[in-house]
There are 2 protein chains.
Amino acid sequence: MDQRVTLKELARLLNVSISTVSKALNDSPEISPQTRKRVKELAALNHYVPNMLAQNLKTKHTRTIGVIIPAILPHFFAEALHGIETKASELGYRIIICISNESIQKEAESVQTLIKGQVDGLIMSLSQETQAKTEIGHLQPIFSHKVPLVLFDRVLNQIECDKVHINDSLQAEQATMALFNSGCKKIAYFSGISDTSVDDERKKGYLEAVKNLGGSRKVVKFDPRDFPDEKLKKLIETRKIDGILASDELSAILVMKSALNSGFEIPEDLSVIGFTNGIMSEHFRPSLSTVDQHAEQQGKLALETMVDRIEGKLPEEYVEYKLETSIIHRKSTRGKVPQLTD
Amino acid sequence: MDQRVTLKELARLLNVSISTVSKALNDSPEISPQTRKRVKELAALNHYVPNMLAQNLKTKHTRTIGVIIPAILPHFFAEALHGIETKASELGYRIIICISNESIQKEAESVQTLIKGQVDGLIMSLSQETQAKTEIGHLQPIFSHKVPLVLFDRVLNQIECDKVHINDSLQAEQATMALFNSGCKKIAYFSGISDTSVDDERKKGYLEAVKNLGGSRKVVKFDPRDFPDEKLKKLIETRKIDGILASDELSAILVMKSALNSGFEIPEDLSVIGFTNGIMSEHFRPSLSTVDQHAEQQGKLALETMVDRIEGKLPEEYVEYKLETSIIHRKSTRGKVPQLTD
DNA sequence: CTGAAAGCGCTTACAG
DNA sequence: CTGAAAGCGCTTACAG
């Protein structure tokens, strides 16, 4: 961060004013072609790099966007982040990442640092704690400083801002229907991600479908670090559960592993559908049928919305996108029309 | 980014000078307790947030570190990034992420933006293209601007800077030995990540081990999007390959899937060891034995090294850490001492 | 204990 | 076509 050449230095070397150098470098038509050329050559020669801090201090925007997500390890967030980064670099923006680790405390700190770091806007997916307690006091600085905010995936209704997510309840409902249509008689919902808006919505959709179908409901919450193998086994053997909608990718994989280890066959004895089309869904044996959450697309759309908002291309009122999704049918579910050969 | 209250405004409101406000807010002992209190109260009331841009322009450092990685989707990088972020926030630094997408072009652009964004230092894992061509011209600005650099995982010998990685060749050698000791007679190396330093090193280690063992060598390069099922099948059936060291997690999983689909049993007919202890290794059936790359630890160490360098806590000469790693034995390899019951 | 002043590296009306 | 000057929001010697 040292001895970088500045406009002043360049000006001295060229015997012209700082203004002239600045304008020349910025291709101002005010400056004569020769001067422009001279200035640029010397700048290149000296590896001149403008000091963005100084530029931003004048222009009042930084072209950087803060991103706060609960984690990066789950495939959904890694992929969303990838989408955000791709779009940002395409649009000439930079991103600063903070991880809330599902905690309000850390989320609050991140908001603080990003705001004083003068980001032009904030893209967030809320922490589990924030969602569970629906506590949003720590987001207050965002509003009082009028920093544009777009929420994606894990949103909260009471927050007024731009939003992008999928219609989780509808998708869960459809996934449950798909399970039914493929021949499942008793379908359960397994969740390893309790207390998030997406879990609530998915459960709601599941319950709705079961109600419409006139079936019985069964919701199981569990800790991903300690899967209830016995419970699942009993559910399949005595309660005749033959279809499971899982709250997310990892939960679905855990359900399948457990069932397989107990000697059941998938999809014959048990059909499974998960959420998020991650790498495990594709490679597990059998491969997992899943509701595609379009993580990358959500990320891209969130970033695009942010930029449009910043650049004033959006109407006054907030926009809310609910992405269309679809079910990717793979080997963990039976074909819709049961085939003789399979 | 609008109407934020500034020191000037606060000073006007309090009828004191800007200097006084600044000092009071920074807990300077020069200022009387009462004034300090008054100033702080008003600042809080007005949600005053210092403008980091202006602060940094004075102090010449930003407490932000640029990170350029080839991708975020592979588990290794997501985890390393997690380590970097965790450590950074622990140490009071922020990180700006750029993804090179394995391309020199994008890597060069990222270097440019990060440097003019005045990061205090740069942490990088090189793109495949950079490594394949050993082209480092686009990194020149880093050196000419004397920006501290730490390379992790995918490093290049000819670059002089701090480095953190694992001893890939040694690990590969040991993994090959482990395969041999567990009873494998003919071991092959399968790589889906050609042209990176880590691949080279791992292959080197494999070849070394095979040489020492007096066995025959077999190296297979493949495109992860198009796994050579037939080839693998033939290798197992006619060439009697019974052990495979894979270059990375995905490659290992692809090898296992293909073998399983061809009707072979793992680890009975074929033992497999991969690199990177990702989520798939743990959940695949059978679970994958793997060389733990300690991604998170590499990330943390890289960041720590960076901060130590920035803060002048390191000796003049560059440091190079080669992390100790270990093999996690799971179900894709046989027990070292073959058991009767298994 | 408080304040006036210079300066960080830029941009941009405004003169000439 | 070129330059002097003000200002972005801070910090920090230096006076008083």
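Of the two residues contacting DNA chain C, namely A:Ser22 and B:Ile18, the nearest-nucleotide position lying further toward the 5' end is that of B:Ile18. Along DNA chain D, the nucleotide closest to B:Tyr48 and the one closest to B:Lys23 are compared, and the more 5′ of them pairs with B:Tyr48.
Between B:Glu304 and the options B:Lys87, B:Lys313, B:Arg309, a salt bridge (charged side-chain N to carboxylate O under 4.0 Å, His left out) holds for only B:Lys87.
A salt bridge links A:Glu85 with B:Lys106: the distance from a Lys NZ or Arg NE/NH1/NH2 to an Asp or Glu carboxylate oxygen falls below 4.0 Å. The pair A:Arg94-A:Asp120 does not count as a salt bridge, with every side-chain nitrogen at least 4.0 angstrom from each carboxylate oxygen. Using a 4.0 Å cut-off between charged side-chain N and carboxylate O, A:Arg12 and A:Glu9 make a salt bridge.
Going from atom OG1 of B:Thr35 over to atom CD of B:Glu30 covers 12.0 Å, rounded to the nearest 0.5 Å.
Between the side chains of A:Thr62 and A:Gln118, no donor N or O sits under 3.5 Å from an acceptor N or O. With 3.5 Å as the limit, one finds no donor-acceptor pair spanning the side chains of B:Ser89 and A:Glu109.
Checking C:dA4 for Watson-Crick or G-U wobble geometry (two distances, each under 3.5 Å) identifies no partner in any strand. Pairing partner, C:dA13: none, since no Watson-Crick or wobble contact has both distances short of 3.5 Å.
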Steps toward side-chain hydrogen bond (donor to acceptor under 3.5 Å, both in side chains) verdict (A:His165, A:Glu320) = CA-CA 8 Å; A:His165 49 150; A:Glu320 173 165 10; 2.7 Å; yes

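Listed by residue number, A:Glu30, A:Ile31, A:Ser32, A:Pro33, A:Thr35 are the residues of residues 30-42 of chain A with a heavy-atom contact under 4.0 Å to DNA chain D.
Between chain B and DNA chain C, the heavy-atom contact criterion of under 4.0 Å yields a 5' to 3' nucleotide range of C:dC1 to C:dG9.
As judged by a 4.0 angstrom heavy-atom cut-off over every strand, B:Asn56 is placed among residues making no nucleic acid contact. Among the heavy atoms of the strands lying under 4.0 Å from B:Ser19 is at least one base atom, whether or not backbone atoms are also near.
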